[in-house]
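Below is one structure, written out as structure tokens; the observations come after it.
Just so you know, these numbers come straight off a predicted model, no measurement behind them. Here is how names work: the chains are called A, B, and so on, in the same order as the sequence lines, proteins then strands, and each is numbered from 1.
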Amino acid sequence: MTSERYNARESEPKWQRRWDELKIFATRNDDPRPKYYVLEMFPYPSGRIHMGHVRNYTMGDVVARAMRARGFNVLHPMGWDAFGLPAENAAIERKVAPKAWTYDNIAAMKKQLQTMGLSLDWAREFATCDPSYYKHQQKMFLDFLRAGLVEREKRKVNWDPVDMTVLANEQVIDGRGWRSGAVVEQREMSQWVLKITKYAQDLLDALDTLDRWPDKVRLMQRNWIGRSEGLLIRFALDSATTPQGETELKIFTTRPDTLFGAKFMAIAADHPLAQAAAAKDPKVKAFVDECKRRGTAQADIDTAEKLGVDTGIRAVHPFDPEWQLPVYVANFVLMEYGTGAIFGCPAHDQRDLDFVNKYNLGNTPVVCPEGQDPASFVITDTAFDGDGRMINSRFLDGMTIAEAKEEVAKRLEAELRALPGSGEQAPVGERKVNFRLRDWGISRQRYWGCPIPIIHCPSCGVVPVPATDLPVTLPEDVTFDKPGNALDHHPSWKHVSCPQCGGKAQRETDTMDTFVDSSWYFARFTDPWNEDAPTTPEVANRMMPVDQYIGGVEHAILHLLYSRFFMRAMQATGHVSMPEPFAGMFTQGMVVHETYRKPDGGFVSPAEVMITADGDRRRAVLLDGQTPVEIGPIEKMSKSKRNTVDPDDIIGTYGADTARWFMLSDSPPDRDVIWSEEGVKGASRFVQRLWRLVNESVAIAGSAPADRPAEFGAEALALRKSAHGALDKVTSGIERLHFNVCLAHIREFANNLTDTLGKASTPTPDLAWAIREAAIVLVQLVSPMMPHLAEECWEALGQPGLVSEAPWPAVEPALLVKDSITLPVQVNGKKRAEVTVPRDADNPQIEAAVLALDAVKQALDGKPVRKIIVVPQRIVNVVG
RNA sequence: GCGGGCGUGGCGGAAUCGGUAGACGCAAGGGACUUAAAAUCCCUCGAUGGCCUCAUCGUGCGGGUUCGAGUCCCGCCGCCCGCACCA
């Protein structure tokens, strides 16, 4: 027996070296066992890992280690999402080349990650900025182009008129450029888009097959795709009021039933009709220009005041040639959705109601809720969007909404009118399924991204770079002394000869959105050594999909949806043969921490603060012991709030196992976890306790027989039940990623073992055997969470080999069965007593036992028993 | 603004299915050991009242369904995440 404390600082590097030497985490693609692919979202190489990474990778590692023990061929790789804006910012601010900055950061972060003891197959590591990775991405871009999945399209971008550059939404602060301070403008640019909308219906339908995804993520994706069924309606325009060449306005609506409640038409500022009106009317032009003087972020557009201007144009109601509606340009109508034009029915749409109330256009309710008198039904500031019957709607009156929609659709489909220009007759109304989802614009006017392998030739047009010329690599001799795209500024890079005609031509200088890089890395991990193709299909098809993907909720929509699209596009071009990349998805919560402020209001970091207890209250002072510090709200760890904790410090002080254990304890993994010094100390105490407990078990049970005894006494049986109960719960808990509950069960089991040891200084052989079994099970249960400590304990127990390679223990089902059960007894829903009955007691027996209880008789107070509800194995409720 | 989520003791949280609310831990208080401290071990720990093997109340707020609601439904309040060029 040892009385020494467990020394993480010595043990952890030792076991990490051992694992490394034996290459036990290297995955072979030809391993015949069933595969299990665990993946955590790969990090952006910012330079240092943060606690969010520690939490994310610990969770993945627990799953990987547990599944490995259960006999799976586990694939658990790691790489770097290495392109992106911060590298360019570093180049501007610190004059370091993006490439050098990025690879230095990768080296530093890899070193940090390696101290965590993760069971990763580092042989598969790559960074998305490696030409050997993006070469294949360029190849796939060209495959997609040939497959009709890539197009050119005009898109709006944030334009900084002073720096003459495109800004990311993040770089627009209160409508101004972050460096220049100039008011940003919307500007149209030709962009490359990936045709994700071609898969809109499939991406929506397939959500139903993703049964191991969180419901909330599937719901968010469903809403993002935004399928709606409605009607395209061609409104005729009154020629007297309409600019030359315009004869009709096409709108999309999901509420054709409310057509008789229409009060106005509204079109987007960049709608052709608005452009035509602006050319004639300075007031309209001023408004259209005003609309362009704002960023492109949706939240900003939506929260801006609803404004509009009357174009003077009048549209004709499709059911009444005498009824004219004013056409407004409105800032809340988007060209990107539907046809960029709507009809406004203020009584039944809040935005429309706010709009008419502002411009005094009035409203007429056309849907009346059931039970309300139509004569007195008035709308003032709250639109009614519920169910009801049609009123004030001529031939629709009395119909339900659904009937009215159908009737309007039928009538307008039957009505024909000449198409503008052609004279060909076409229906005025057409049923249409519309999606909110837009195609994925991937062009970025930035240097540090994957070059788009296209050459623009004045005579041949858009020419793909020939496959033999790939990759198109980034030049390294670039400067960042002027704003804008450094690739574009490069003196020679973009000048090439056309691969088709040989004439002078220019390379595309836009690079790809970094979401492209992260939309297929998981497939590349299955065979990162293939130099000829993005994937080796027979390998990818065996190792994919990812069985358990883990990452932050912030990626619930974009990254996950783009990846789902990319798999489909890769399937269409022969790189994989399945549509879904992630069979199981888990979104983990953030790591948050208290904030601290000095008397002058400045934030101070946790490392500079001392916390003292003052009765029930906690107080904080600076390390000088003098200056009081205000303890502020708990917030997401961020540099600006200075409430970050450095994983290096924690691992250096307490060891990786303590950090890992704490990250998994307390909070449910999908919720935020509060990092606290007390919590870490608690985890550290448990590390020491477990070490003592295992060593005491060795000392007490050293005499245990090697063979399993035929009979077990009461104490041994109780311990075995506790061990196998914990084993059962932890095994299923890891499967469901309920780590906090797993840890509680492990602690409970450890408490039971401690109690047993306390009572058994000289145990009988059967108890000694049970103690040794319990210690072994305990070490195996903690091994996925605290692998270094577990190895040390495994050695102390005299077990052969490494616990990291030991098979997961098997549960003995007989030990999970209880002989008798204790049921709570309620009288009229309130708990009054408990009754203990044999496991197989039938209902009449239980009822008799319950009615005999004094507490039940008392609670009934002489009232007759009306009925007794017996929920098997759960509860008894007596109704009096 | 739109979409999504969350809310349980002093604190983090537990409670497969609607079935004993508060598992497990943290903090706190009391005690043991110690010259002392650290470490460790034991006890108490939702609120109120009381006859401490007892009763009432209690899961953000207000209603509802049910024999029974933290869990389901309706309406609020508060906080957090995403919104297409941050990753």
Please give the nucleotide sitting opposite [N] as a Watson-Crick or G-U wobble pair, both distances under 3.5 Å, or none.
| N | answer |
| --- | --- |
| C57(B) | G46(B) |
| U71(B) | none |
| G25(B) | C11(B) |
| U40(B) | A32(B) |

Where the side chain of [X] is defined as all heavy atoms beyond and including C-beta, which of [options] is the nearest nucleotide?
| X | options | answer |
| --- | --- | --- |
| T514(A) | A87(B), A55(B), G1(B) | A87(B) |
| R436(A) | C17(B), C67(B), A84(B) | A84(B) |
| R747(A) | G7(B), G25(B), G82(B) | G25(B) |
| N169(A) | A21(B), G4(B), C86(B) | C86(B) |
| V157(A) | C85(B), C67(B), G4(B) | C85(B) |
| V741(A) | A14(B), C83(B), A87(B) | A14(B) |
| W224(A) | C83(B), A23(B), C85(B) | C83(B) |

Counting the atoms with a prime plus P, OP1 and OP2 as sugar-phosphate, which does [X] contact under 4.0 Å by heavy atoms, base, sugar-phosphate, or nothing?
| X | answer |
| --- | --- |
| K831(A) | base |
| K681(A) | nothing |
| G441(A) | sugar-phosphate |
| S443(A) | base |
| A556(A) | nothing |

Salt bridge [X]-[Y], side-chain N to carboxylate O under 4.0 Å:
| X | Y | value |
| --- | --- | --- |
| D439(A) | K195(A) | yes |
| E88(A) | R446(A) | no |
| R351(A) | D354(A) | no |

Q. Would a line drawn from the ring center of F42(A) to the ring center of Y521(A) be shorter than 6.0 Å?
A. yes
Atom [atom1] of [X] and atom [atom2] of [N]: how far apart are they, to the nearest Å?
| X | N | atom1 | atom2 | result |
| --- | --- | --- | --- | --- |
| H559(A) | G82(B) | NE2 | P | 15 Å |
| F83(A) | A87(B) | CZ | P | 12 Å |
| K830(A) | C54(B) | NZ | C1' | 15 Å |
| H555(A) | A87(B) | NE2 | P | 10 Å |

(Q) Looking at every non-hydrogen atom in both residues, tell me the closest pair between T587(A) and P214(A) and how far apart they are. (A) OG1-CG, 4.2 Å
Q: Kindly determine whether R444(A) and D513(A) satisfy salt bridge (charged side-chain N to carboxylate O under 4.0 Å, His left out), including the steps that lead there.
A: CA-CA 6 Å; R444(A) 297 291 182 271; D513(A) 178 8; 3.1 Å; yes
Q) Syn or anti for C80(B), taking syn as within 90° of 0? A) anti
Any donor-acceptor pair, under 3.5 Å, between the side chain of [X] and the base of [N], if you only look at N and O atoms?
| X | N | result |
| --- | --- | --- |
| R689(A) | U40(B) | no |
| R446(A) | C85(B) | yes |
| E678(A) | C11(B) | no |
| D666(A) | G12(B) | yes |

